[in-house]
Each structure stands twice: as structure tokens, then as C-alpha cells.
Number of protein chains: 2
Amino acid sequence: MLTKSSTELVRQRNSVLVLATLRRHGPLAHTEISDHTRLSSATVSAITADLERAQIIEKSEQQPASGRGRPRVLLRQRRDCGYLIVVIISSDAVQYSLVDYSGKLIDRFSEERSHDPDGAARFVTGVREGLERILSRSRIEREKVLLISISSKGLVNSSEPVLVWSPIFGSDQIDFESALKPDWKAKVILDNETLLVAAALGAREENVKGADFRSLAALSLGHSIGLGIVRRTSHGGHDVSAPNFGHMLHMANGGLCRCGTRGCIEAYAGFYAILRTAFEVPLDTIPAKFVPLAELDKIAARARQGHRISGFAFRQAGLALGNGLSRMLSLTERMPIAITGVGTRYYDLLRQGIEEGLGQSHVVRMEGMPELRVVADEQILVFEGHLNRALAVIDEDIVVAGVQGGTEDVSVPK
Amino acid sequence: MLTKSSTELVRQRNSVLVLATLRRHGPLAHTEISDHTRLSSATVSAITADLERAQIIEKSEQQPASGRGRPRVLLRQRRDCGYLIVVIISSDAVQYSLVDYSGKLIDRFSEERSHDPDGAARFVTGVREGLERILSRSRIEREKVLLISISSKGLVNSSEPVLVWSPIFGSDQIDFESALKPDWKAKVILDNETLLVAAALGAREENVKGADFRSLAALSLGHSIGLGIVRRTSHGGHDVSAPNFGHMLHMANGGLCRCGTRGCIEAYAGFYAILRTAFEVPLDTIPAKFVPLAELDKIAARARQGHRISGFAFRQAGLALGNGLSRMLSLTERMPIAITGVGTRYYDLLRQGIEEGLGQSHVVRMEGMPELRVVADEQILVFEGHLNRALAVIDEDIVVAGVQGGTEDVSVPK
DNA sequence: GATTTTTTTCTCGACAGTCGAGAAATTTAC
DNA sequence: GTAAATTTCTCGACTGTCGAGAAAAAAATC
């Protein structure tokens, strides 16, 4: 409320609103936009006329008229209005996707990540090459790429695209903004991977529940532990954050974590930690850099057959997660928790520990156990989260940059 | 962004903006308002004319002109525009304050709270009587009371004025909305006490640092433990919350807390917990209902003289606080922590434990120790927080209700 | 095939809000 | 007494939204 308002701002907001509903519901007719936005028909006319003149949306060609009356003309985003590159960094590969303004996937490939530790600088070079490659494969002009949206596990600066800490590079910070500035005019954004999962799930949930949706947490189980939280703000938007959950303190002076601290949640619930407990390796052993999934599958199999120590390892992981989640819930409101990631394949073994860990706290005793649900297809959710956020950013930027472009040959009156 | 914008909304927001700057900086002239709000002079004229017509603000009488040129006419809130009653519930008393629309204290008294446990229903009756008393003492019309702002320790529903859990009444919920509806047309709001402290400190901090202020936490030490967090939102407002920090899980299966759960932070850092540790009473002993401060002072004195167990009790309290704060910081961004409440008198004994507890976590190792500062005068901060929030709510309500009231005798043209 | 009905889109005038520029008011300086 | 300085107020231009009704276009009906 610290900043003034003006009529131009009104137009900007309403323009963004129109573009957002177009995103949400696909191509719409004039009347439908009016219904969804609660803007008057006249206002919709004015706004869509502007957007059309600025080459941001277009009338789709004649529909085979369904029903009588004047046939609808659908409005949709112009695909060639701009492009988006999505970069998903995971522990063993980097995936590049080229997407047009309508959200349609145009091209995609993955590049294996070498596991060499000499790290950050080399890695950035690789990303720059990857970006060049996807651009050149497409024949799209460089200037038409409006946004590069990157995601990674780890801790991300909330205002700038800087990877502050990651399981891969540790405290070797990566500033994507300055790394890509020489090559690209496009804006660069960086988000935590689980944050995007939460964003995607929040959007889905709101589509189902509407205004009843309040908040939701996504917990990603894997080599490392991620948490994303999404909350509806007072004015209808979504506020989304990715706290440093995996390295929240679970137990003072506890097991040694990859990050070098003792007692992090990850030091009990990460894959390497489960391995460590299952093999009864001392808790202050420096953890393995990478754990093959097959190794964990074996432990899980043994646990399911009743092997005590193996079962204990998963139970202890669950306890750490449950305690951590209860602490999170003490600091927020009650919200459902969606569990995702490769680790969900061990959910049968983790569940009891998680619920016990949750049950040990005041919040859960008072408000009851939060809803726990397992959600598969983390990869799809990550991409969906990218699109949600990135395209919204593009819409906003385009409108704010000014919707006056286009062919200025309106100067022939009569 | 889900909701449409309109020109009326623009006027509303800008009117609220004008009232807010008037709150912040005291009586201001036309030009000064224009400077602070960045609204044009013409707009300020239009808005202030409306507000004046609606009897919300008034021109102050002639100032002794300082400097040459046409003398300024200061605008200020009309005191009699409406009134606010502030109710501060503490463990041993309830304080009632009557405040006019300009924020000036008109009347105040406290009523001792009987320590009888028969609780909630009786207590509510007491509050209703207290409100009647402060009204009748003042000769103000009941309808002129626009807002009743209540605060208490404990857990508060974020949307409705319902006390969900409190150290005094436990889980006996109190719904102030429905309790006061029969007597009062005024709106009723309820906030956690430490939330108000955080709000007040946040406002002060922003006055000093301006846009550099990002966030801040207030930790209140006393019989129970309170935490308030204030953050600047993207559009310049303040987002403030009071998580259930005192009953966040400190240690699974730990000491028994007043709330009936085991291992809460309060079960280590509350006054009764310090007492329990100092006297080597078993950790599962049901805690004392109320601890005289003199008792704690004695333990503190012994600790300062080197008595081992007494010192250990404070150290352990500090550790619980430090661990808890580190967990909070894992879920938020780095922020300074202001420590307040009666317990600050033992800060010399707590400090080492707090810092050690903080230091055991990944965040603090990475980002460094957060700034810790001791802030006295918690009572003043609570009241200040009440005024900040309540008067802002009143301004908003008045403007939204419509600024068209007042004398409609403008119908004589020429 | 002409007319009516239905549905959608577009246009016009009214109204609300902000802004810049300059007029009006009013005091101090010389 | 006049000029300069400073503050407040007013006017016209511009931008925005809205409701109502005109215009467009296809299906239904006679």
C-alpha cells in the first residue's frame, strides 16, 4: 500500500488478467473472457484490440459454428510472439526445452552431466553451449527468446537468479544472471525444483477447489530432500517459497551431513543417510557422494522382508521427515503435504515413521494429522511449474513494457 | 491478480495512501502529502476535499507562518471521526485503552485478572463489562467506536478473532466476534501479542532504513515463549505472522510441556522449565501453573555466582531457543532477531546457549549468525503495534465504506 | 426465399480518476 | 509599495471502465 495507483496501472492489471485467463482456459471468445474476468464487454473489446494490435494475441480462423447466432471468434496467444527456454538441472542431466508463447513444446533434449567435481565454472559453460544448441536447432531469432527459466535442487536467492547452495556444487555459487548476460537479452529466472512442484500442484488444486484452496506443501524425497510451500495471498495470487528444509536442524550434534553440518534432516532422510544407517556405518562418516538407486532398492527389499536394521533405517528417515514437517507446520498453518520424487517408492517403509514424527508435536496433536498424499510424475510437475511461472512472467513483462507496438498505420481516417 | 481493477479502486487505494502518510508523519500540508505519496497536487486536492467533506480530516487552524510565501494549512485526522478500544490481555491483568481517531490516548485502566481456573466463559463476561466501563466513563456514543482491537498470548486464528489456544485457557477457544456481537457494532480484531511487537518493530525499522528493511523477528521471553515475524511484501506492505513457536518441537520425547505434549521449546525455555531444570525435578513432572518472578531471579543470581545447575538451566533454555530460531531461519530468509519480554533480564545467562543453538545449524553456518538485539519496553511495543494495525484497518474501512458522507448542501450553484 | 430469433461483437456517450500547467492567494524581503 | 517566493486551487486533456444499444451473422421458422 506504499505505492500510488493510477488509471494506467488499472489497464495493465486488467490486461494481465485477460492474458492470464487465456492461459488458464485456452482460446476463448470475447464473451467468455468477459465472464471469467468480470470485466465488461466494452472493456474486453478495448483490451483485446490493444493486444491484437501489439501482435500479442490473434483471432483464430473461423470455427465451424456450433449453435445458432453469430459465431464466436476465439482469441489466442500468437505463438510467434516470443519464446521461452526451460532448463531443468538434475543430478545426472540437464534438460533443455524450447516453448512458444502459447505454451507449446517445440524442441527438447537432455545432456548428460559429467560427474566430475571441478564444477561450477565448467558447468556454466555447458549450460551456455546447451542454450546455443537449442537456439540454433530452431531457426528462431535470438531476440525472440524472452525468458530463460532455470531450476535446480538447492537453495536459491529469492530475488536474483543466483544458486546459493546446491547438493552438486556445494557453496560454489552460480550467478546465472551474469553468466548469461553476454549471450542473451532475455530475462533469466531461477527457481528451486520443489518450489516449482509446489507451484504446479497449487495451480491444479486451485483449479479443482477454487477459492477453497488455501495452501499446500510439496515434499520431494531423493538423494536430497526438498520442500516447497504455496499459499494463496490475500489478493488472489500465489505466494510460493522453497525453504532450506533438507538442511534444517533435525537433531543437535546428530549425524554428519553432506553439507558438513551435523544433524540436518537430510543426514537422516537422504538416500545416503538411509544407506549409512542400514549398514551401521558410524554417523560421523563422511557420506557417499552418490548412491546408486539399486543399492537402496536392495535395502528396501530386505526391510520389507522384515530385516530389522534395514527397516529401522527407513523408519528413522521417516521420523526425521515427520519431526521436520511438524516444525514447519508450527510455523505455518495446517496444510496438506504432497510427497513426490523417486523416494516415494519407499513410502510404505517411510510412512509409519513420518506419522509418528508428526504426532510427537503440539500442532499435530491439536489440529490433527495433516493430509499426506503421494504424487507421482515429479518431472511433469516440475515442467508444469516452469510453464506456469515463466509464462506469467512473460505476460506481465510484455504488458508492462507497453502494449503500443505493432503496425502504426492507423493514420488513414475515413 | 485474480481480481479485476477499476478506477474506483484507484481512488480508494490512493485515499488510503493519503490517510496512511498522514498517520506516519503527523499533520501535513497539501504539498507535503503530494511529495510523500508521489501523487500530483491536483489529485491530492481532489482526495483531501472528499475526505474533508466526509468529516474524516480537517484543516488545522492557521499556523504562525514560518518562512515566506503563502502559509501552509495542515491537514489532520478529525479526532471525533471515530474511536478505538484496545484490550491487552496479559497473564495477570487486562488493560483497556480508549483512543481517538488521531491515535491519541483518551482513557486507560487495568483490571486484575483473578487466577481462578473456571475460565473462559467468566473471562469473556469480564471483558464485556470492562468494555462497557470504558465506554461509559467517556461519554462517547457507542456507535462512534469503530474497532475493538484485542491481543493475547497464544495461538490466534488468522482470519477470525478466535483465540484458538492460550497459555491461560488452554484449548478452551474464545470467539470474541460472537461474544461481542450483541453489544457492539464495531469490528473486532484479535492478534497475538508478539505479532504486534513484531509489527511495531517492523514499522520503526522501516522508518529508519526505508526500502532497505526486509524482515525481522521478535522473540518474547517470559512464562511462555512468543515469536512474531514481519516481512515486507512485494507491493510495499507488511506481512506479519505469529507462528506457534513456543510449542514447536524442540526434542522428540523431551520434557513435558504445559500443553501436555513432550519436547516443546517452552518445556525448556519457559520460566517454569528453567525452574524445573534448576531444581533437578524430573522432566516429566507436570509443570507449575505459575512461577513467581522472584523465584527465577534467585536462580539467576545463583547462576551468576557460578552455581552449576542454575547456570545449566539457563544454558539449556538458550539452546532450545537457539535451535528453534535456527529452524525458523531454515524456513525463512535471514533476518535480525529482536528479543523482548521480562525474560530479557536473564539475557546474559541465555545468550551463550542461544548462540550455540543457532550455530549448530546449516543456515547459520552458511549465512552467519543473525543479528541479535535486546529491546526493552515490550508493553509499549504491544500498544504501538495495536495502534499501527488498528488505525490502518479503520482507515481502510472508512474509505471502502465510501467517502461520500457529510453535508450535502453543495447544491447551490453559482 | 424471406423473416424472425438468437447470439456475439462492436461502438458510443457518460462517468470517474489522474496529471500538468497555470491562476489565485498570501506572506516575506527590499 | 512592489517584487519574489511559496502554497493552494482550478481547468482542460487524457486514460480508463461501464451500460446500452447498434451491427453482424448464423439458425430457425414460416
Side-chain angles (χ1 to χ4, degrees), chain A residues 3-18 27-53 57-75 399-400 402-404 410 413-414, chain B residues 3-18 27-53 57-75 399-400 402-404 410 413-414:
Chain A
T3 173
K4 72 172 179 180
S5 208
S6 66
T7 50
E8 283 93 339
L9 256 180
V10 169
R11 182 54 155 267
Q12 268 186 23
R13 295 173 83 93
N14 287 338
S15 297
V16 170
L17 182 62
V18 166
L28 294 179
H30 187 105
T31 327
E32 294 168 311
I33 295 178
S34 172
D35 287 350
H36 281 114
T37 59
R38 306 200 147 281
L39 290 168
S40 78
S41 167
T43 305
V44 173
S45 274
I47 289 176
T48 54
D50 277 2
L51 291 175
E52 207 182 336
R53 202 169 328 137
I57 62 173
E58 63 189 354
K59 294 201 178 82
S60 85
E61 58 282 12
Q62 296 296 40
Q63 292 286 112
S66 64
R68 60 181 178 177
R70 180 171 171 176
R72 305 184 156 187
V73 318
L74 299 185
L75 296 168
V399 167
V400 171
V403 185
Q404 62 264 28
V410 203
K414 260 200 173 179
Chain B
T3 174
K4 73 171 178 179
S5 209
S6 66
T7 50
E8 284 94 335
L9 258 180
V10 169
R11 181 55 155 265
Q12 267 185 25
R13 297 173 82 93
N14 286 339
S15 297
V16 170
L17 182 61
V18 166
L28 293 180
H30 187 104
T31 327
E32 293 168 311
I33 296 178
S34 172
D35 288 350
H36 281 114
T37 59
R38 309 199 145 278
L39 291 168
S40 79
S41 164
T43 305
V44 173
S45 274
I47 289 176
T48 54
D50 277 1
L51 292 175
E52 208 182 335
R53 202 171 327 139
I57 62 173
E58 62 187 356
K59 292 200 178 82
S60 85
E61 57 282 13
Q62 296 297 39
Q63 292 286 112
S66 63
R68 59 182 179 179
R70 179 171 171 175
R72 305 184 155 186
V73 318
L74 298 185
L75 296 167
V399 167
V400 171
V403 185
Q404 62 264 27
V410 203
K414 260 199 172 179

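Because only heavy atoms are used, hydrogens play no part in the values below, and waters and symmetry mates are left out as well, while side chains stay in.
Taking all atoms of both residues into account, the shortest heavy-atom contact from A:L74 to A:A29 is CD2-N, 3.6 Å. Contact detail for B:S40 and B:S34: the closest heavy-atom pair is C-OG, 4.0 Å. For the pair B:T37 and B:I33, the tightest heavy-atom approach, listed with the atom from each and the gap, is OG1-O, 2.7 Å. In terms of heavy-atom proximity, A:K4 sits nearest to B:L17 at CA-CD2, 3.7 Å. The shortest non-hydrogen separation linking A:D50 to A:R11 is OD2-NH2, 3.0 Å. The shortest non-hydrogen separation linking B:T48 to B:I57 is O-CD1, 3.9 Å.
In this structure, CG of A:L9 is placed 11 Å from P of D:dG16, rounded to the nearest angstrom. With rounding to whole Å, B:L74 atom CG is found 13 Å from D:dT8 atom C1'. Per the geometry, NE2 belonging to A:H30 stands 16 Å off P belonging to D:dA24, to the nearest Å. B:K59 has its NZ atom 16 Å from the P atom of D:dT7, to the nearest Å. If you measure from atom CG of A:L75 to atom C1' of C:dC10, you get 13 Å, rounded to the nearest angstrom. Rounding to whole angstrom units, CD of residue B:E32 and P of D:dT6 are separated by 14 Å. Between the C1' atom of C:dT8 and the CG atom of A:L28 lies a distance of 14 Å, rounded to the nearest Å.
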Using Watson-Crick and G-U wobble pairs with both distances under 3.5 Å, what is the 5'-to-3' dot-bracket string of DNA chain D, with [ ] for crossing pairs and | for pairs outside the strand?
||||||||||||||||||||||||||||||
Protein-to-nucleotide contact annotation, 5' to 3' order, nucleotides 12-25 of chain C [B base; S sugar-phosphate only; - none; under 4.0 Å, heavy atom]:
-----SSBB---BB
Side chain to side chain contact (heavy atoms under 4.5 Å, CB included) evaluation trace for A:L75 with A:K59
CA-CA 5 Å; A:L75 296 168; A:K59 294 201 178 82; 3.9 Å; yes
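At the heavy-atom level, A:A49 lies nowhere under 4.0 Å from the strands shown. In this structure, B:T31 reaches the sugar-phosphate backbone alone: every heavy-atom distance under 4.0 Å involves primed, P, OP1 or OP2 atoms, never a base.
Under the rule for a side chain to side chain donor-acceptor pair (under 3.5 Å), the partners of A:E32 that lie at least two apart in sequence or sit in another chain are A:R72.
Taking the side chain as every heavy atom from C-beta outward, A:L9 and A:S6 approach each other to under 4.5 Å.
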